[in-house]
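Structure first, commentary second.
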Amino acid sequence: MDSIIPLGLRIMQWYERNGRNLPWRKDKNPYRVWISEVMLQQTRVETVIPYFKRWMKRFPNIKSLAESTENDVLSVWEGLGYYSRAHNLLKTARIIMREFGGKFPRNLESLKDLPGLGAYSSAAIASIAYNENQPAIDGNIRRVYSRLFDIRISMKTSLFERRIRRIAEQNLPHGRAGDFNQALMDFGAMICLPKQPKCTECPLEDRCLAFRRGVQNLLPMVGQATPIPHEQQAAAIIIHKRGKLSKVLLRKRSSKGLLAGLWEFPSVYVNTNQGQELARRFLSTFKLKLRKKSLFTTVKHSYSHFRVTLSAYAFTYNSGKITKDFKWVDLGDLSEYPMGKVNRLIADQLVLNPNER
DNA sequence: CTCCAGCAGA
DNA sequence: TCTGCTGGAG
């Protein structure tokens with residue numbers, strides 16, 4: 001009887017045949033496990049793969065990372081999103097060099113104290129890199145267990161969390177926690193999908209309570225989504241011609257909050273696209289005296305909790321004090337300034353069509 | 001187009 | 001509890 005084989009063992013058997021071959025699974029040194037786990041926070045495996053390879057080429061170990069600059073780190077990270085993760089990697093690398101003699105801590109509590117590592121990532125690193133018996137509980141695993149054990153409790157509640165944790169601890173195969181955690185994640189990503197789980201291919205079908213009761217599509221119980229506001233923004237492409245050389249004005253964003261530390265074309269929130277009004281907004285926000293010329297391009301984008309439609313206008317620069325957040329940059333050097341997706345798109349268009357300004 | 005998935009910090 | 005991004009699916 002298959003059903004007397006422990007759950008953990010069956011998942012491991014499935015993993016041995018079906019687990020994914022991923023770059024960070026070849027060599028499980030703590031540095032590689034750490035970088036991959038942080039990249040995988042809120043980000044899909046397929047997206048992470050090329051970033052992980054580039055990162056390892058550029059920063060092969062903790063020391064090389066700790067000795068690099070914020071700009072280097074953001075440049076390699078550019079496009080991955082959630083930029084605080086990149087800032088935290090650099091901070092943590094420096095802490096490890098300074099306070100841990102360059103060696104990654106092994107126990108859960110020390111890991112959790114490092115910037116960017118919470119309950120999930122700490123347990124993932126401890127189990128994968130050091131084979132500590134820690135269940136790593138992420139969204140995949142919550143979904144899998146809530147179905148296998150038919151946990152009909154809102155995912156937001158602490159009761160749900162306690163139930164899942166107890167189940168995860170009880171089913172953890174001691175001595176193989178690292179592989180087991182990864183096996184469950186692959187299982188959640190490949191079989192026990194959020195929408196339309198592949199129950200016909202599932203090796204655990206016969207002992208999934210949700211499947212037996214036909215409620216697998218209703219679990220886990222998630223709250224209803226909150227509506228997402230839509231904002232309008234205007235960005236200024238401000239070109240300054242000095243003979244043959246064209247420079248454009250960039251602004252470095254605050255070190256906190258959205259797109260922290262990245263560069264952008266100065267932008268303001270708007271509810272109008274009147275030239276005069278726009279120029280006034282740039283004057284009051286940035287003390288820049290500008291004159292609007294023409295619409296360059298419009299880009300739509302979604303962030304985590306709002307959407308924007310951003311229109312980029314070409315402006316001519318009259319006067320105004322250039323404070324230290326601002327910098328005149330050669331068009332050819334734009335790629336050296338890390339940017340979020342929207343601004344990179346505009347920068348690329350600008351380099352391609354410098355005449356349409 | 002719109003919808004959706006996915007942890008950490010404050 | 002709220003904020004942080006992007007890519008891929010539909």
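Reckoned from all heavy atoms, side chains included, excluding hydrogens, waters and symmetry mates. All values derive from a computational prediction rather than experimental measurement. Labels below follow one simple rule: chain letters A, B, ... track the order of the sequence lines, proteins then strands, and each chain is numbered from 1.
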- Message: From the set C:dG7, B:dA8, B:dC3, return the single nucleotide nearest to any side-chain atom of A:Arg307.
- Response: B:dC3
- May I have all residue pairs that pass ring-ring contact (aromatic ring centres under 6.0 Å, His included) and include part of residues 234-268 of chain A, sequence neighbours excluded? A:His240-A:Tyr317, A:His240-A:Trp328, A:Trp263-A:Tyr337
- Tell me the ring-ring contact (aromatic ring centres under 6.0 Å, His included) pairs involving residues 103-124 of chain A, sequence neighbours left out? A:Trp34-A:Phe104
- Rounded distance in Å - CZ (A:Arg253) to C1' (C:dG4): 11 Å
- Between B:dA8 atom C1' and A:Leu111 atom CG, what is the distance in whole Å? 15 Å
- Who passes ring pair (Phe, Tyr, Trp, His ring centres under 6.0 Å) against A:His87, sequence neighbours left out? none
- Message: From NZ of A:Lys156 over to C1' of B:dC7, roughly how many Å is that when rounded to an integer?
- Response: 17 Å
- Could you check how far CZ of A:Phe306 sits from C1' of C:dG4, rounded to whole Å? 9 Å
- Contacts of A:Phe211 that satisfy ring pair (Phe, Tyr, Trp, His ring centres under 6.0 Å) - sequence neighbours left out: none
- Student check: side-chain heavy atoms of A:Val308 and A:His301 closer than 4.5 Å: yes
Donor-acceptor contacts, no H, no angles, side chain residues 39-52 of chain A, under 3.5 Å, sequence neighbours left out:
| from | atom 1 | to | atom 2 | distance (Å) |
| --- | --- | --- | --- | --- |
| A:Gln41 | NE2 | A:Gly116 | O | 3.3 |
| A:Gln41 | NE2 | A:Ser121 | OG | 2.8 |
| A:Thr43 | OG1 | A:Met39 | O | 3.3 |
| A:Thr43 | OG1 | A:Gln41 | O | 3.1 |
| A:Thr43 | OG1 | A:Arg85 | NH1 | 3.1 |
| A:Thr43 | OG1 | A:Arg85 | NH2 | 3.2 |
| A:Tyr51 | OH | A:Glu78 | O | 2.8 |

- Item | DNA chain B contacts made by residues 127-148 of chain A, counting heavy atoms under 4.0 Å | A:Asp138, A:Gly139, A:Asn140, A:Arg143
- Expressed in angstrom and rounded to an integer, what is the separation of A:Leu40 atom CG from B:dC7 atom P? 9 Å
- Task: For DNA chain B, determine which residues of residues 73-97 of chain A have any heavy atom closer than 4.0 angstrom to one of its atoms, and list them numerically.
- Result: A:Tyr82
- Message: Could you tell me how far apart A:Leu258 (CG) and C:dT3 (P) are, to the nearest whole angstrom?
- Response: 11 Å
- Message: So, OP1 or OP2 of C:dG7: does either fall under 4.0 Å of a side-chain N or O from A:Thr43?
- Response: no
- What nucleic acid atoms does A:Tyr303 come within less than 4.0 Å of, heavy atoms only: base, sugar-phosphate, or nothing? base
- When the ring centroid of A:Tyr303 is compared with that of A:His305, is the distance short of 6.0 Å? no
- Rounding to a whole Å, what distance do you find between A:Met39:CE and C:dG7:P? 14 Å
- Query: When you check the phosphate oxygens OP1 and OP2 of C:dC5, does a side-chain N or O of A:Gln42 lie under 4.0 Å from one of them?
  - Reply: no
Please list, for nucleotides 8-10 of chain C, all pairs of protein and nucleotide N/O atoms separated by less than 3.5 Å.
none

- Item | Whole-Å gap separating C1' (C:dC5) and CZ (A:Arg344) | 16 Å
- Item | Residue list, side chain to side chain donor-acceptor pair (under 3.5 Å) with A:Lys300, at least two apart or on another chain | none
- Query: Does A:Arg94 come within less than 4.0 Å of A:Glu67, counting only side-chain N to carboxylate O?
  - Reply: no
- Using side chain to side chain donor-acceptor pair (under 3.5 Å) as the criterion, list what pairs up with A:Asn133, not counting sequence neighbours. A:His174
- What residues form a ring pair (Phe, Tyr, Trp, His ring centres under 6.0 Å) with A:Phe100, not counting sequence neighbours? none
- Task: May I ask you to say what A:Ala260 touches in the nucleic acid, namely base, sugar-phosphate or nothing, with a heavy-atom cut-off under 4.0 Å?
- Result: nothing
- Message: Does a side-chain N or O of A:Lys300 approach OP1 or OP2 of B:dC1 to a distance below 4.0 Å, or not?
- Response: no
- Message: Tell me every residue that passes side chain to side chain donor-acceptor pair (under 3.5 Å) with A:Thr285, counting only those two or more places apart in sequence or in another chain.
- Response: none
- Task: From the options C:dC5, B:dC7, B:dA5, select the nucleotide whose nearest atom is closest to the side chain of A:Leu259.
- Result: C:dC5
- Task: Compare the aromatic ring of A:His305 with the six-membered base ring of C:dC2 and state whether they stack according to the 5.5 Å and 30° rule.
- Result: no
